[in-house]
Amino acid sequence: MPELPEVETVRRSLLHIIGNRIDAVVVYERRLRRPVPEELADAVAGCHIEAIERRSKYLLCRLSSGATLLVHLGMSGTFFVRPSGQLRQRHDHVIFGLSDGTELVFNDPRRFGVVLFGPESGFTELARIGIDPLGDGFTAAELWTLTRGRSKPIKNLLMDQTLLAGIGNIYANEALFRAGVRPRRQARGLRRIEVERLFGCVREVLREAIELGGSSISDYRDGRGQPGYFQLRLQIYDRGGEPCINCATAVTRVVLGGRSTFYCARCQR
DNA sequence: CGCACCCCCTGCCGGC
DNA sequence: TGCCGGCAGGGGGTGC
């Protein structure tokens, strides 16, 4: 579910809890993609939340102890605030009681997510993160450089987190459709004009998605329980067999890198 | 090194 | 109604 726009939306929706003290932490389920550290509860209790940042699809909660709480939502995770004292829901794995009488909940049915704790430099998952596609470091020239000499399909390049950090399956499909580029094209085969167009479309689709609060395909919600609305603007994702919005050609579905890939054989070359 | 293929896990949907 | 296969927003490991 959560790609860069959804994670960024969650981050923004949680900014209001900054300044809270974490009073108590209860871990109900340690078996996530990586086990929740045994020492997390004791180490985090008593700390204040000083900032909430995002790197790629990871959320980083800066704590007053100097350590960082690292959260990844995987495919099905949610990270949200609710009043304390409510019944634990199915798949609530970690609950952080906050000093303002609310609690911060990590819920994840598929358990592909991550809740880790430690100094930021210690997180191996952040070591190989690529360029933030919304940051200043991402330019058309940079995308051009990334595509040179790489034989992999351009869609796989967009989704390679070691190159570009935060683009997932939905937004890779959408950006390529907007740019008129076929997902299977070899990255190194793209012409300069195509790379420039794709660059603009990547930024545009991510920005628009954030503005609309991300895409709620099934059960995605932000940190306040609100859905996103960008799914209403999806032009190609999950539309296999349906008419292209530009030319009415049936949308093609193929599998690339194990992920469903959608494109219009007429509009995308 | 790149890449195709699996796996992790639960839930949902469609077909029978 | 219920069972089964396929599929899902991510990421990591293996073997070629």
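Chain naming here is simple, since letters A, B, ... match the order of the sequence lines and numbering starts at 1 in each.
- Distance Met159(A) CE to dG11(C) P: 8 Å, rounded to the nearest Å.
- Among the heavy atoms of the strands lying under 4.0 Å from Arg150(A) are primed sugar atoms or P, OP1, OP2 only; no base atom is included.
- Rounded to whole angstrom, the span from the CD1 atom of Ile129(A) across to the P atom of dG10(C) amounts to 13 Å.
- Atom CG of Asn156(A) and atom P of dG10(C) are 13 Å apart (whole Å).
- When only modelled atom types and interatomic distance are considered, Tyr220(A) and Ser76(A) share no side-chain donor-acceptor pair under 3.5 Å.
- The side-chain hydrogen bond (donor to acceptor under 3.5 Å, both in side chains) test with Arg62(A) singles out one residue from His48(A), Glu50(A), Glu53(A), and that residue is Glu53(A).
- Sorted by residue number, the members of residues 234-244 of chain A with any non-hydrogen atom under 4.0 Å from DNA chain C read Tyr237(A).
- As rounded to whole Å, 18 Å separates atom P of dG6(C) from atom CZ of Arg259(A).
- Scanning residues 107-122 of chain A for heavy-atom distances under 4.0 Å to DNA chain B yields Pro109(A), Arg110(A), Arg111(A), Phe112(A).
- Considering only residues two or more places apart in sequence or on other chains, Arg188(A) meets the salt bridge (charged side-chain N to carboxylate O under 4.0 Å, His left out) condition with none of them.
- The ring-ring contact (aromatic ring centres under 6.0 Å, His included) pairs that include a residue from residues 114-165 of chain A are Phe138(A)-Phe199(A), where partners are two or more places apart or lie in different chains.
- With sequence neighbours left out, Arg110(A) forms a salt bridge (charged side-chain N to carboxylate O under 4.0 Å, His left out) with no residue at all.
- Pairs engaging residues 62-86 of chain A under the ring-ring contact (aromatic ring centres under 6.0 Å, His included) rule: Tyr58(A)-His72(A) [sequence neighbours left out].
- Across the protein-nucleic acid pair, His72(A) atom NE2 and dG10(C) atom C1' stand 6 Å apart, rounded to whole Å.
- Toward the 5' end of DNA chain B, the nearer of the two residues His91(A) and Gly258(A), judged by each one's closest nucleotide, is Gly258(A).
- Within the structure, the salt bridge (charged side-chain N to carboxylate O under 4.0 Å, His left out) test picks out no pair touching residues 246-257 of chain A (sequence neighbours left out).
- Rounded to an integer number of Å, the gap from Leu164(A) CG to dG10(C) P is 14 Å.
- Across the C1' atoms, dG6(C) and dC6(B) are found 16 Å apart, a figure rounded to whole Å.
- OP1 and OP2 of dG13(C) both lie 4.0 Å or more from every side-chain N or O belonging to Arg33(A).
- In this structure, the CE atom of Met75(A) is 13 Å from the P atom of dC7(C), given to the nearest Å.
- With hydrogens and angles ignored, the 3.5 Å screen pairs a side-chain donor or acceptor of Asp108(A) with a backbone N or O of Gly113(A).
- Between the P atoms of dG5(C) and dC7(B), the separation comes to 14 Å (whole Å).
- The local environment of CZ in Arg266(A) is sparse, with at most 12 non-hydrogen atoms from other residues, nucleotides or ligands closer than 6.0 Å.
- Side-chain contact, Ser99(A) with Asp23(A): no donor N or O sits under 3.5 Å from an acceptor N or O.
- Here Arg90(A) lies in heavy-atom contact (under 4.0 Å) with sugar-phosphate atoms only.
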Dot-bracket pairing map - DNA chain C, Watson-Crick plus G-U, both contacts under 3.5 Å, | cross-strand: .|||||||.|||||||
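- Residue pairs that meet the salt bridge (charged side-chain N to carboxylate O under 4.0 Å, His left out) test with at least one member in residues 73-85 of chain A, sequence neighbours left out, are Arg82(A)-Asp92(A), Arg82(A)-Glu103(A).
- Contact check for Arg197(A) versus Ile193(A): side-chain heavy atoms found under the 4.5 Å cut-off.
- A close approach under 4.0 Å does not occur between any side-chain nitrogen or oxygen of Arg128(A) and OP1 or OP2 of dG12(C).
- Note that the first and last nucleotides of DNA chain B, 5' to 3', having any atom under 4.0 angstrom from a heavy atom of chain A are dG2(B) to dG11(B).
- Under the side chain to side chain donor-acceptor pair (under 3.5 Å) criterion, Tyr237(A) pairs with no residue, sequence neighbours left out.
- Comparing the P positions of dC9(B) and dC3(C) gives a spacing of 22 Å, expressed to the nearest Å.
- Ionic pairing of Arg11(A) and Glu8(A) is present here: one or more N-O contacts between side-chain nitrogen and carboxylate oxygen are shorter than 4.0 angstrom.
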Enumerate, atom names and distances included, each donor-acceptor pair closer than 3.5 Å involving a side-chain atom of residues 153-165 of chain A, sequence neighbours excluded.
residue, atom, partner, partner atom, Å
Lys155(A), NZ, Asn169(A), OD1, 2.7
Lys155(A), NZ, Thr261(A), OG1, 2.9
Asp160(A), OD1, Thr162(A), N, 2.9
Asp160(A), OD1, Thr162(A), OG1, 2.6
Asp160(A), OD2, Lys152(A), NZ, 2.8
Gln161(A), OE1, Ser56(A), OG, 3.3
Gln161(A), OE1, Gly166(A), N, 2.8
Gln161(A), NE2, Met159(A), O, 2.9
Gln161(A), NE2, Ile167(A), O, 2.9

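- Regarding Glu125(A), its CD atom lies at a distance of 16 Å from the P atom of dG10(C), rounded to whole Å.
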